[in-house]
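Below: the structure, in structure tokens.
Naming convention: chains lettered A, B, ... in sequence-line order (proteins, then strands); numbering from 1 in each chain. These numbers come from the heavy atoms of this one structure, side chains and all, not from hydrogens, waters or symmetry mates. Note that the coordinates shown come from a computational prediction; the quantities given were computed from them, not determined experimentally.
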There are 2 protein chains.
Amino acid sequence: MDEKADKEGGELKVVMVVSEGLEQKRNVAWRTFLTAHAVAIEKIERDLAEAEVLPLSWYDVLLALYEAPDHKLRMHELAGAILVTRGGLTRLVARIEKAGLLSREPDPADGRGLHAVLTGEGLESLRSTWPVYAGGIAEHFGRHLTDEEVEVLDRALRRMLAAAREG
Amino acid sequence: MDEKADKEGGELKVVMVVSEGLEQKRNVAWRTFLTAHAVAIEKIERDLAEAEVLPLSWYDVLLALYEAPDHKLRMHELAGAILVTRGGLTRLVARIEKAGLLSREPDPADGRGLHAVLTGEGLESLRSTWPVYAGGIAEHFGRHLTDEEVEVLDRALRRMLAAAREG
DNA sequence: TAAAACCAGTTGTAGATACAACGAATTGCT
DNA sequence: AGCAATTCGTTGTATCTACAACTGGTTTTA
């Protein structure tokens with residue numbers, strides 16, 4: 001790489017120069033963060049698929065409903081909770097409804113609105129998925145971190161999220 | 001939530017019971033990790049789109065080429081470097097090639113193989129994209145973390161990745 | 001050296017997502 | 001009350017991705 005810098009003049013510096021000094025460690029950490037996320041997600045999704053339980057996108061929807069009052073949420077609330085656009089949510093919810101894991105019912109208080117409601121079957125799926133998911137999290141994520149690292153990571157990323165919600 | 005547990009018996013415990021004790025903090029941290037990733041990526045992609053520079057998927061490909069010897073990689077090496085399936089890479093590379101930012105040339109040493117090679121125009125795009133990307137990383141990620149947190153996060157996630165490569 | 005096994009990259013197909021435009025319903029303003 | 005602006009959810013369209021089957025090239029092995 002250094003030989004290349006000699007041969008090609010400034011080219012190598014495209015990335016390096018800008019990321020030198022104080023910023024560099026943060027950029028390296030960002031890349032680690034991205035890769036770690038991609039690898040962990042890939043492995044966990046594979047575990048879920050092999051066990052024939054819910055994929056993460058379905059699990060997220062149903063868990064959000066589970067955690068909501070009366071196990072129901074308006075579509076736009078659900079979209080906000082799982083960070084999907086409303087357009088995407090319409091189709092995602094339609095697929096999950098077709099599988100019988102949630103139902104849609106009109107909101108009596110607002111003629112425009114719908115509630116997505118967790119069904120008994122949906123709860124059952126959540127129940128059977130969780131152990132597999134928990135196993136994946138432990139195996140591909142938690143197992144490799146010390147207690148202290150977990151705390152630092154959680155605290156730091158929460159601070160980041162709080163800032164994102166304001167900005 | 002606790003009232004709900006009283007009313008509905010064991011249901012609330014579906015998730016909580018299993019994740020109690022030692023594991024719980026790790027599961028909470030995992031969720032934070034997922035959300036933080038989703039939010040940061042979303043904001044950075046938006047920055048890139050607004051500045052009309054390369055999206056992350058293209059940037060990743062071109063950066064991998066940039067960092068490779070002679071700025072070229074075999075397709076399967078590239079697929080491994082950016083964590084995409086070969087099928088997906090074929091199309092991604094085709095799009096980038098159509099934009100003139102890389103070229104494909106046969107490998108003289110292996111009739112099956114192709115090299116993806118960074119072009120001058122590709123290097124130029126990398127150059128113009130990086131400041132925007134770096135700004136996004138700083139704004140939506142690095143800015144919110146202390147030096148020590150950055151180090152802990154990088155070290156911990158690297159350890160996780162090392163384990164993933166072996167397992 | 002011939003056949004079998006393997007590997008590289010592509011392509012058909014299906015699935016999933018975002019963006020923008022839309023119709024229906026509600027809210028706010030005057 | 002009545003009209004404009006906003007909000008809600010859906011849908012058309014374009015992109016993008018994964019999986020699996022496939023073609024052609026290479027390596028292994030008998």
Side-chain angles (χ1 to χ4, degrees), chain A residues 34 37-39 41-50 52 54-62 64-65 72-99 101-117, chain B residues 34 37-39 41-50 52 54-61 64-65 72-99 102-117:
Chain A
L34 285 190
H37 176 269
V39 167
I41 285 286
E42 195 272 337
K43 290 188 180 283
I44 289 175
E45 287 277 23
R46 196 165 298 268
D47 288 352
L48 294 173
E50 275 172 15
E52 294 183 323
L54 303 173
L56 280 183
S57 57
W58 289 35
Y59 186 84
D60 286 347
V61 167
L62 297 180
L65 293 182
K72 71 169 62 173
L73 282 176
R74 286 287 299 271
M75 293 293 282
H76 68 277
E77 297 172 316
L78 189 48
I82 64 170
L83 304 174
V84 171
T85 61
R86 283 199 304 273
L89 185 66
T90 293
R91 274 127 172 170
L92 178 54
V93 163
R95 291 193 294 273
I96 302 176
E97 184 182 36
K98 203 160 122 190
L101 309 187
L102 61 76
S103 62
R104 275 183 297 192
E105 51 188 50
D107 183 342
D110 187 336
R112 298 167 299 182
L114 293 175
H115 284 289
V117 189
Chain B
L34 286 189
H37 176 269
V39 168
I41 286 286
E42 194 272 337
K43 290 187 180 285
I44 289 175
E45 286 276 23
R46 196 166 297 271
D47 287 352
L48 295 172
E50 275 172 16
E52 295 182 321
L54 303 174
L56 280 182
S57 57
W58 289 34
Y59 187 84
D60 286 346
V61 167
L65 293 182
K72 72 169 62 172
L73 283 176
R74 287 287 298 271
M75 293 293 281
H76 69 276
E77 296 173 317
L78 190 48
I82 65 170
L83 303 174
V84 171
T85 60
R86 282 199 305 275
L89 186 66
T90 293
R91 274 126 171 167
L92 178 54
V93 163
R95 291 193 295 275
I96 301 176
E97 184 182 35
K98 202 160 123 191
L102 62 75
S103 63
R104 274 184 295 193
E105 52 187 49
D107 183 343
D110 186 339
R112 299 167 297 182
L114 294 176
H115 284 289
V117 189

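In this structure, Glu105(B) places its CD atom 16 Å from C1' of dG9(C), rounding to the nearest Å. When rounded to the nearest whole Å, the span between CZ of Arg74(B) and C1' of dC7(C) equals 10 Å. Regarding Glu45(B), its CD atom lies at a distance of 16 Å from the P atom of dT17(C), rounded to whole Å. For the pair Leu54(A) CG and dG15(C) P, the interatomic distance rounds to 17 Å; values are reported in whole Å. The separation between Asp60(A) atom CG and dT17(C) atom P is 11 Å, rounded to whole Å. What separates CE of Met75(B) from C1' of dT11(C) is a distance of 13 Å, to the nearest Å.
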For residues 89-98 of chain B, which side-chain donor-acceptor pairs fall under 3.5 Å, sequence neighbours excluded?
unit_1, atom_1, unit_2, atom_2, d
Thr90(B), OG1, Arg86(B), O, 3.2
Glu97(B), OE1, Arg104(B), NE, 3.1
Glu97(B), OE1, Arg104(B), NH2, 2.8
Glu97(B), OE2, Arg104(B), N, 3.2

Distance-only donor-acceptor hits, side chain of residues 72-85 of chain B, under 3.5 Å, sequence neighbours excluded:
unit_1, atom_1, unit_2, atom_2, d
Lys72(B), NZ, Glu105(B), OE2, 3.3
Arg74(B), NH1, Asp107(B), OD2, 2.8
Glu77(B), OE1, Arg74(B), N, 2.8
Thr85(B), OG1, Gly88(B), N, 3.2

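Side-chain contact between Val117(B) and Ser103(B) is present, with heavy atoms from C-beta onward closer than 4.5 Å. Contact annotation: the side chain of Leu65(A) approaches that of Leu102(A) to within less than 4.5 Å [non-hydrogen atoms, C-beta and beyond].
Every residue two or more places apart in sequence or in another chain was checked for a side-chain hydrogen bond (donor to acceptor under 3.5 Å, both in side chains) with Asp60(B), and none qualifies.
Along DNA chain D, the nucleotide closest to Thr90(A) and the one closest to Pro55(B) are compared, and the more 5′ of them pairs with Thr90(A).
To the nearest 0.5 Å, atom CD1 of residue Ile41(B) and atom CG of residue Leu56(B) are 5.5 Å apart.
The stretch residues 79-89 of chain B touches DNA chain C through Arg86(B), Gly87(B), each having a heavy atom within less than 4.0 Å of the strand.
Proximity of Arg95(A) to the phosphate of dT17(C): a side-chain N or O atom is located under 4.0 Å from OP1 or OP2.
Arg91(A) comes within 4.0 angstrom of a nucleotide base, judged by non-hydrogen atoms across all strands.
In this structure, Arg46(B) pairs ionically with Glu42(B), as a charged nitrogen and a carboxylate oxygen lie closer than 4.0 Å.
You can see that DNA chain D meets the heavy atoms of chain B within a 4.0 Å-exclusive cut from dC16(D) to dT26(D), reading 5' to 3'.
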Strictly under 3.5 Å: I want the nitrogen or oxygen pairs between protein and nucleotides 23-27 of chain C, one per line.
unit_1, atom_1, unit_2, atom_2, d
dT26(C), OP1, Gly111(A), N, 2.9

